[in-house]
S.K.: 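Dropping a structure here in structure tokens format, bear with me for questions.
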Amino acid sequence: MSVTINTKINGQPISASAEASTSLLEFLRDTLEMKGSKLCCNTGECGACTVIYNGRPINSCVTLAADANGAEITTIEGLADGDKLHPVQQAFIDTGAVQCGYCTPGYIISVKALLDRTTKPTAEDIEEAVSGNICRCTGYNKIVDAIHLAADRIAGRA
Amino acid sequence: MDYFEPKSLDEALSLLAKHGHEAKVIAGGTDVMVDIKYKEEPGCLVNIKKISGLGGIQENGGSLRIGSLATIRDVETSSLVRDKLPVLWESAHQFASLQIRNTATIGGNICRASPSGETLAPLLVLEAKGKLAFSEGEKTEPFMSFFQGPGKTSLGTKGLLTEIDVPFPAEGSRGVYLKHAVRGAMDIAMVGVAVLITPDAARNTLQDVRIGLGAVAPTPIRASKTEALLRGKSLTVALLKEAAAMAAAESSPISDQRSSGEYRRWIVEALTRRGLEQTWKAATGKEVA
Ligand SMILES: Cc1cc2nc3c(=O)[nH]c(=O)nc-3n(C[C@H](O)[C@H](O)[C@H](O)COP(=O)(O)OP(=O)(O)OC[C@H]3O[C@@H](n4cnc5c(N)ncnc54)[C@H](O)[C@@H]3O)c2cc1C
Ligand code: FES
Ligand code: FES
């Protein structure tokens with residue numbers, strides 16, 4: 001059975017149909033061809049598919065696409081303003097927090113959600129915010145550096 | 001696969017009555033979506049998230065009413081839960097990642113009836129009750145009798161859990177929830193132990209002791225023999241040792257990829273000892289003598 005999904009993604013109203021069993025991640029990647037959110041574990045463990053759903057970071061791979069109905073969703077595609085990268089994206093580049101890049105969209109979304117809540121995150125806040133994101137390449141120090149740099153830039157401290 | 005989004009409880013219950021075994025309820029979907037992808041698709045999915053009145057957390061006389069659709073994050077960030085039900089708060093805090101806590105519901109955690117479900121041992125020691133709705137009517141059932149086996153509850157295939165009623169523990173009581181998992185909160189518990197004690201007025205003996213064990217039997221259980229052993233006594237080093245060993249003996253863990261049954265028993269013993277020690281100190285201000 002197919003369901004019609006009326007949602008708002010990165011501020012744009014979108015209406016599309018998908019099989020009822022479709023996950024939000026499959027809806028984004030396969031139905032809407034938005035490939036920024038990554039498919040990795042497909043079981044909610046790694047965070048590569050993280051999107052912001054009504055203000056909260058969630059794993060789109062274990063969310064029903066139909067739950068996007070009436071919701072507001074932010075994906076990695078919605079962060080940059082034209083050619084100008086979002087401060088979190090820029091900070092990941094500037095600190096070298098990216099290697100293969102597969103985990104990066106998920107991290108950036110989790111960090112954006114964190115910095116939307118506070119621009120003075122404690123070590124505990126940071127750990128909580130990215131505890132559901134796994135990176136196999138960089139080691140986590142550079143990611144933490146990127147989070148501090150982005151927070152400082154957003155708050156005008158750097 | 002058919003798909004329904006009932007707007008009312010009655011509509012949802014009649015869908016379940018009509019579709020029976022074919023139907024699968026979905027709330028947050030963190031268990032159901034994984035099953036759909038890796039096990040099998042149900043004949044139809046009944047999404048209960050559009051039913052109003054199933055969320056929220058409110059104080060209700062001497063207890064807390066938690067709607068079944070309240071997320072684990074709602075539970076974790078509720079100051080009422082944190083202040084009045086620290087045992088439950090701890091289990092929500094040690095629950096997976098922020099992303100999962102933002103999606104997973106407490107009702108889903110309960111109805112999944114996994115022996116390792118994080119909130120279950122805490123709900124057992126808090127003597128919480130569930131409000132169960134069927135097309136024939138509603139009933140309230142203590143969680144002590146609700147769990148019947150892995151994935152099996154007294155809801156069967158036709159009922160819905162609508163809310164959870166958690167009485168506030170007695171004045172002066174202290175509780176802890178201790179989770180043992182390889183990768184901390186991110187991992188499913190290998191063993192979870194909830195301890196809640198109430199000292200007598202003079203703070204010399206254990207007037208009430210409740211010990212809940214998760215992931216070490218087909219359902220979450222209370223270590224009732226251990227509780228009986230401890231009740232009315234002062235906690236000594238020898239009694240603590242005896243109680244911890246008894247709790248381990250009351251568990252019947254399986255061996256699986258996460259650990260052997262024998263190892264799980266050791267952990268039950270260690271966590272029961274630690275839980276009793278911590279709560280005794282917090283409740284009486286005394287060391288275990
Ligand atoms: C990566 C990951 C990590 C996890 N970590 C943990 C963990 O640390 N601890 C833990 O305990 N669990 C964990 N889980 C399991 C899962 O997140 C929890 O069991 C969660 O609480 C389920 O809630 P849900 O709303 O997502 O349930 P759903 O998947 O929607 O439903 C779960 C079950 O309950 C039934 N159901 C749901 N609501 C109701 C209702 N109101 N009435 C009747 N039946 C209902 C459904 O039919 C289904 O059988 C994890 C899962 C993932 C994917
Ligand atoms: S792909 Fe969703 S959490 Fe890994
Ligand atoms: S950069 Fe490769 S997984 Fe993180």
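Bear in mind that the values here come from a model prediction, so they are computed numbers and not experimental data. The sequence lines fix the lettering, A, B, ..., with proteins before strands; numbering per chain opens at 1.
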S.K.: Where does A:Thr50 contact chain B at under 4.5 Å (heavy atoms): side chain, backbone, both or neither?
M.R.: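 Just the side chain, heavy atoms under 4.5 Å.
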S.K.: Are side-chain N/O atoms of A:Thr138 and A:Gln99 paired as donor and acceptor at under 3.5 Å?
M.R.: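 The criterion, which ignores hydrogens and geometry beyond distance, is not satisfied for A:Gln99 and A:Thr138.
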S.K.: So for B:Asn47, is it side chain, backbone, both, or neither that comes closer than 4.5 Å to the heavy atoms of chain A?
M.R.: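 The side chain, not the backbone.
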S.K.: Are B:Asn109 and B:Thr119 close enough that a side-chain donor and a side-chain acceptor fall under 3.5 Å?
M.R.: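 Per modelled atom types, B:Asn109 and B:Thr119 side chains form a pair under 3.5 Å.
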S.K.: Side chain, backbone, both or neither: which part of B:Ile100 has a non-hydrogen atom closer than 4.5 Å to chain A?
M.R.: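 For B:Ile100, heavy atoms of backbone and side chain both lie under 4.5 Å from chain A.
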S.K.: Contact part of A:Cys41 toward chain B, heavy-atom cut-off under 4.5 Å: side chain, backbone, both or neither?
M.R.: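 Only the backbone of A:Cys41 comes within 4.5 Å of chain B.
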S.K.: Could you look at A:Ser60 and say if it's the side chain, the backbone, both or neither that has a heavy atom under 4.5 Å from chain B?
M.R.: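 Answer is neither: A:Ser60 stays 4.5 Å or more from chain B.
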S.K.: With a 4.0 Å cut-off, would you call A:Glu128 and B:Arg101 a salt bridge?
M.R.: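 Salt bridge between A:Glu128 and B:Arg101, a charged N being under 4.0 Å from a carboxylate O: yes.
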S.K.: Is it the backbone or the side chain of B:Leu98 that comes under 4.5 Å from a heavy atom of chain A, or both, or neither?
M.R.: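 Both parts, heavy atoms under 4.5 Å.
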S.K.: Calculate, to the nearest 0.5 Å, the distance between atoms NZ and OG belonging to B:Lys131 and B:Ser68 respectively.
M.R.: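 One finds 11.0 Å between NZ of B:Lys131 and OG of B:Ser68.
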S.K.: Test ring-ring contact (aromatic ring centres under 6.0 Å, His included) on B:Tyr177 and B:His93 and set out the steps.
M.R.: CA-CA 10 Å; B:Tyr177 174 71; B:His93 184 58; over 10 Å; no
S.K.: Out of B:Val34, B:Ile36, B:Val32, which one racks up the most heavy-atom pairs below 4.5 Å with chain A?
M.R.: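 Highest number of heavy-atom pairs under 4.5 Å: B:Val34.
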S.K.: Please round to the nearest 0.5 Å and tell me the distance separating atom CG of A:Asp67 and atom OG1 of A:Thr7.
M.R.: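 Nearest 0.5 Å value for the CG-OG1 distance: 10.5 Å.
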S.K.: Side chain, backbone, both or neither: which part of A:Ser2 has a heavy atom under 4.5 Å from chain B?
M.R.: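 Neither; nothing under 4.5 Å.
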S.K.: Could you grab the distance from atom CD of A:Glu124 to atom OG of A:Ser131, nearest 0.5 Å is fine?
M.R.: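 One gets 11.5 Å once the value is rounded to the nearest 0.5 Å.
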S.K.: Please flag which part of A:Ala113 lies under 4.5 Å from any non-hydrogen atom of chain B: side chain, backbone, both or neither.
M.R.: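 Neither; nothing under 4.5 Å.
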